[in-house]
Amino acid sequence: MTIPVKPPAEVPRYIRLNERDNVAIIVNAFGMPAGTRFADGLTLREFVPQGHKVSLTDIAQDAPIIRYGEVIGYALDLLPAGSWVEESRVRTPEAPSLDGLDLATRRLAPLPPLEGYTFEGYRNNDGSVGTKNILAISTSVQCVAGTLEVALKRIKDELLPKYPNVDDVVAVTHAYGCGVAINAPQANIPIRTLQNLARHPNFGGEVMIVGLGCEKLQPERLLPEGKDAAKDGMKTGIMRLQDETLTSFGAMIDMIVAMAETRLAVLNQRKRETCPASDLVVGLQCGGSDAFSGVTANPALGFASDLLVRAGATVMFSEVTEVRDAIHLLTQRAVNEDVARSLIREMAWYDDYLEKGGADRSANPTPGNKKGGLANIVEKALGSVAKSGSSAISGVLSPGERVRDKGLIFAATPASDFVCGTLQLASGMNVHVFTTGRGTPYGLAAVPVIKVATRTELAQRWSDLIDVNAGTIATGEASIEDVGWEIFRLILDVASGKKKTCADKWGLHNALTLFNPAPIT
Ligand code: CA
């Protein structure tokens, strides 16, 4: 690795998070060279890149390496003070056992209520509130995706300009529907995900489904299970390309366009109204994490999460493999033993899922995570759970279930960005907040995605992609509380349509990606 020449004026800085920690991370952009002397006298024995760990004391072979006040690994060799605690020098500990965890032992008192915060949203007949006004065209099988794309172009070019109150038209396409073991027990996950996507709050109850006709997932099954759609004020329309009255491709396109137009006319009547902040359902996620994620962006988002919970809103955090190694901290925070046991149930399900696939949680960290200073999944998880703030955990969802409760909810999902985002959408999130250290241009068409950078260098390099810079926490220019309030206020403005996220300004949207743990035939 080449060692950049540092300007002499730059003050070397490191961040230690907990008084028990025997490592700290280097703050300075591009890292610091051997011989660098910190204010407390610690001297680097070698180059340490930005975000990577330095040993603060001599750490003996096999001794614990402590960050966040928790053991993140063991030293494979002696690490004298001032060493680069690099990934290959750290042995990863076993994941905490799911037996004998403390259940709901912390008995966290509710945080003081936060009153008077509102946003301008689209209220639906089922009580949910939208933050965008979108026509979604659901599909029951991949076979129709190409046809729908042709129709969508016509709808956007010819119809959308006539209905200015409608923000967008979105096709909910996917690889599911046929060639799948539709009755396998775990097929319930992709199926309920599609059902819940169709009734997403931003789609206004105007459900439209394009099917083929012969597929295993018949279009009717996308209607919410056990729900009287009409009673919820949902208007449903289904068409099948194999319908014998459709005698040409042109006729299929005409029918899709006509169905879309009747729905656009209804959606165009939707108007924003003042709604309490308690109507927000905010999904939290991280992607492309680095060692700053758990120091800057995630704690600031955790502070914003506490503000949202205090305002009566729903906040979902997810990503099973990124909370698994911190599960002993989360079960203590459950509001009651049932919720704690539900957390353990979701962890056990995922342990089993990974084992059957011949993998374990060590498969999670990416080359980018490691380059950013994260030694292993334990260190990544401890930084990841900082997003959840300090509230009690009041509920747990299995993948793709619609959220029922207010407060802080653990919504079990894979950590993969677009899979997690799709499942949180199905759960009903109306704003998404995404923290990133390495950087990703991630966005979703269905909801606004606010991106928070962990480092100033990234926020500056990608100033037209990053909405909030939490790197100012590392440099001491802002506090966790300052950035937390900035995120909270931006959530209200974005939910109201008053401000656009960078991703929405560019029309930068990733595809929805279903989680299908069931067999394909
Ligand atoms: Ca993720």
Side-chain angles (χ1 to χ4, degrees), residues 189 193 282-294 296-302 304-305 315-327 330 346-347 350 353-354 359-374 376-389 397 399-400 409-427 429 431-444 446-455 458 462 465-468 470 487 501 503 508-517:
I189 292 177
T193 302
V282 179
L284 313 181
Q285 208 200 149
C286 51
S289 297
D290 65 6
F292 283 103
S293 297
T296 61
N298 288 348
L301 185 51
S305 161
V315 179
M316 294 186 288
F317 72 112
S318 295
E319 303 177 281
V320 174
T321 49
E322 291 175 14
V323 305
R324 176 66 182 84
D325 281 273
I327 189 62
L330 297 180
E346 293 303 329
M347 298 300 122
Y350 218 91
Y353 167 72
L354 289 175
D360 64 25
R361 73 213 210 286
S362 68
N364 175 304
T366 64
N369 292 154
K370 292 177 177 177
K371 199 168 175 220
L374 293 174
N376 58 34
I377 184 60
V378 184
E379 188 177 13
K380 188 171 171 180
L382 290 166
S384 176
V385 297
K387 294 197 288 298
S388 67
L397 298 176
I409 307 292
F410 180 71
T413 74
S416 163
D417 296 349
F418 8 89
V419 179
C420 170
T422 302
L423 289 167
Q424 287 190 343
L425 267 182
S427 295
M429 76 164 159
V431 177
H432 201 16
V433 187
F434 188 97
T435 65
T436 184
R438 307 296 301 164
T440 164
Y442 175 80
L444 294 173
V447 294
V449 179
I450 295 171
K451 286 204 291 294
V452 182
T454 69
R455 293 175 299 123
L458 174 68
W462 280 16
L465 284 171
I466 297 294
D467 299 289
V468 176
I487 295 170
T501 63
L508 187 58
H509 299 140
N510 288 84
L512 298 182
T513 309
L514 291 183
F515 179 43
N516 177 26

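Every number for a ligand or one of its atoms is a count from 1 in the order of the listing. In this chain, numbering begins with 1 at the start of the sequence shown.
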Can you tell me if an N/O/S atom from [X] lies under 3.0 Å from the Ca ion (ligand 1)?
X: Glu319; answer: yes
X: Cys286; answer: yes
X: Phe434; answer: no
X: Gln285; answer: yes

So do the side chains of [X] and [Y] get within less than 4.5 Å of each other, counting heavy atoms only?
X: Glu319; Y: Cys286; answer: yes
X: Phe410; Y: Ser388; answer: no
X: Phe317; Y: Leu330; answer: yes

Out of the N/O/S atoms in Asp417, what is the name of the one closest to the Ca ion (ligand 1)?
OD1
Are side-chain N/O atoms of Asn298 and Ser293 paired as donor and acceptor at under 3.5 Å?
no
Are the aromatic ring centres of Tyr353 and Phe515 under 6.0 angstrom apart?
yes
